[in-house]
Amino acid sequence: MATRHLYLARHGAADAFGKLTDIGHQQSSLLGERLAGIPVDAVWHSPLPRATASAHELARHLPDVPVTEAAELIDHVPYVPGPAETPPSWAGFFDGYDEAEAASGQRLAEALVARFAKVPGHGPRPDTREVLVTHAYPIAWLVRHALDAPPSRWLGLESANTALTVIEYRDGLPPTIVMFNDMSHLPPGLRWTGFPGSVRP
C-alpha cells in the first residue's frame, strides 16, 4: 500500500522583519535532529526567508536530502469565512480582505492540497517521506482537509514554531493525522514560541 508521510513544521521563531532569530535557529536544528532517524526523501519550504532559513538549518542533519522551495507553502489565509462562520474571537480579523484577496488565498489553498495532500504515485519507492517547512495557516488548512472538516474549521488550529504535525495518505483510506503540534524535541524554554499567549496550556 503506497503511503505518503508528510512531516509539517512551522518555521522557527523570527523577528518582526521575518528573519530567523537565534532561538529560531536552535529550534530548527533540534527539529532536524529529531528527523535525522527518518529516511526523508525531500524537504520543501515556503519562499519566505524565515521558512527558507529553517529548512536549510534542519537539513544540515539530513545529508543528501534535496531542499526545494514550493510556492504553495507560502504564508496565506486559505479561506475567509462569512460572518456566520466566524467565531467571536476572530471578529475583525478579516476586515479589509476584499474578494480578490480571498479568492487568491483560496486558490493557493487548493494548489497546496492538490500538490501535497495525496497518495504518492506508484514506482520503485511507493512510500514517500517529505518535510514541509511552512507557516501556521497552511498547516491548519492541511489538518482541516485531512479531517474533512468545514472550510472555516482551519481557524484556531495553531502551530508553535518548529512544532511537528504528521499526516499520512494511503490508497483507499482517509488521511490519518498521526500527531499535531508536537514539541517533544524542544526543551521547555524553546516551546510555545509563536503560539498565542492567551491559549497556551
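The basis for the numbers below is simple: all heavy atoms, side chains too, and nothing from hydrogens, waters or symmetry mates. Here, residue 1 is the first one in the sequence, and each next residue gets the next number.
Linking ILVMFWY residues whenever their side-chain heavy atoms come closer than 4.5 Å, directly or via other members, leaves W44 and V40 in distinct clusters. The hydrophobic clustering, which links ILVMFWY residues whose side-chain heavy atoms are closer than 4.5 Å, places V166 and L62 together. No continuous path of ILVMFWY side-chain contacts below 4.5 Å connects L108 to Y79, so the two sit in separate hydrophobic clusters. Residues L73 and V143 are members of one and the same hydrophobic cluster, defined by side-chain heavy-atom contacts under 4.5 angstrom among Ile, Leu, Val, Met, Phe, Trp and Tyr. In the hydrophobic clustering of ILVMFWY residues, with side-chain heavy atoms under 4.5 Å counting as a link, L8 and L112 come out together.
The pair D182-R34 counts as a salt bridge, with a side-chain nitrogen and a carboxylate oxygen less than 4.0 angstrom apart. We find that E130 and R4 are joined by a salt bridge, their nearest charged nitrogen and carboxylate oxygen being less than 4.0 Å apart.
Put simply, the side chain of L20 reaches to within 4.5 Å of the side chain of S54, judged on heavy atoms. T165 places none of its side-chain heavy atoms less than 4.5 Å from the side chain of M179. Annotation: side chain of H5 is not in contact with side chain of V178 (no heavy-atom distance under 4.5 Å). No side-chain heavy atom of R153 sits less than 4.5 Å from a side-chain heavy atom of P151. Taking the side chain as every heavy atom from C-beta outward, V43 and T68 never approach each other to under 4.5 Å.
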side-chain contact (heavy atoms from CB on, under 4.5 Å) between F94 and E101, intermediate numbers included: CA-CA 11 Å; F94 299 103; E101 287 176 301; over 6 Å; no
Check against side-chain contact (heavy atoms from CB on, under 4.5 Å), L157 and W141: CA-CA 8 Å; L157 293 173; W141 186 253; over 6 Å; no
side-chain contact (heavy atoms from CB on, under 4.5 Å) assessment of Y169 paired with F116: CA-CA 10 Å; Y169 302 88; F116 292 109; over 6 Å; no
Audit row: V119, T3, side-chain contact (heavy atoms from CB on, under 4.5 Å) steps and yes/no: CA-CA 6 Å; V119 177; T3 304; over 6 Å; no
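Counting all heavy atoms, side chain and backbone alike, H185 lies closest to A163 at CE1-CA, 4.4 Å. Between L142 and L132, the shortest heavy-atom contact is CD1-CD2, 4.5 Å. Contact between D75 and P138 at its shortest, heavy atoms only, is OD1-CD, 4.3 Å. Between I167 and P175, the shortest heavy-atom contact is CG2-CB, 4.2 Å. Nearest heavy-atom pair across P187 and L30 is CD-CD1, 3.7 Å. Between S29 and H61, the closest heavy-atom pair is OG-NE2, 2.9 Å.
Atom CD of residue E72 and atom OG of residue S46 lie 10.5 Å apart, to the nearest 0.5 angstrom. Here E57 contributes atom CD and L31 contributes atom CG; the two are 10.5 Å apart, rounded to the nearest 0.5 Å. Between L58 atom CG and E33 atom CD the span is 11.0 Å, to the nearest 0.5 Å.
Around CD1 of I74, the count of heavy atoms belonging to other residues, nucleotides or ligands within 6.0 Å exceeds 12. Dense packing is recorded around CG of D98, with more than 12 heavy atoms of other residues, nucleotides or ligands lying under 6.0 Å away.
For Q27 and T193, the side-chain atoms include at least one donor-acceptor pair closer than 3.5 Å. Side chain to side chain, T134 and H45 fail the donor-acceptor criterion of an N or O pair below 3.5 Å.
Under a 3.5 Å cut-off, the side chain of R144 and the backbone N or O of A149 do form a donor-acceptor pair. Checking side-chain atoms of S104 against main-chain N and O of A100 turns up no donor-acceptor pair under 3.5 Å. Without hydrogens or angle criteria, T162 side chain to A9 main chain gives no donor-acceptor distance under 3.5 Å.
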Determine all donor-acceptor pairs shorter than 3.5 Å in which one atom belongs to a side chain in residues 10-18; sequence neighbours excluded.
unit_1 : atom_1 : unit_2 : atom_2 : d
R10    : NH1    : S159   : O      : 2.8
R10    : NH1    : G194   : O      : 2.7
H11    : NE2    : R50    : NE     : 3.1
D15    : OD1    : F17    : N      : 2.9
D15    : OD1    : G18    : N      : 3.1
D15    : OD1    : K19    : N      : 2.9

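In this pair, W90 and F93 present their aromatic rings perpendicular. The plane angle is above 60°, beyond the 30 to 60° band. Classification of the F195-W192 ring pair by plane angle, with boundaries at 30° and 60°, yields perpendicular.
A centroid separation of less than 6.0 Å is found between the aromatic rings of Y137 and W154.
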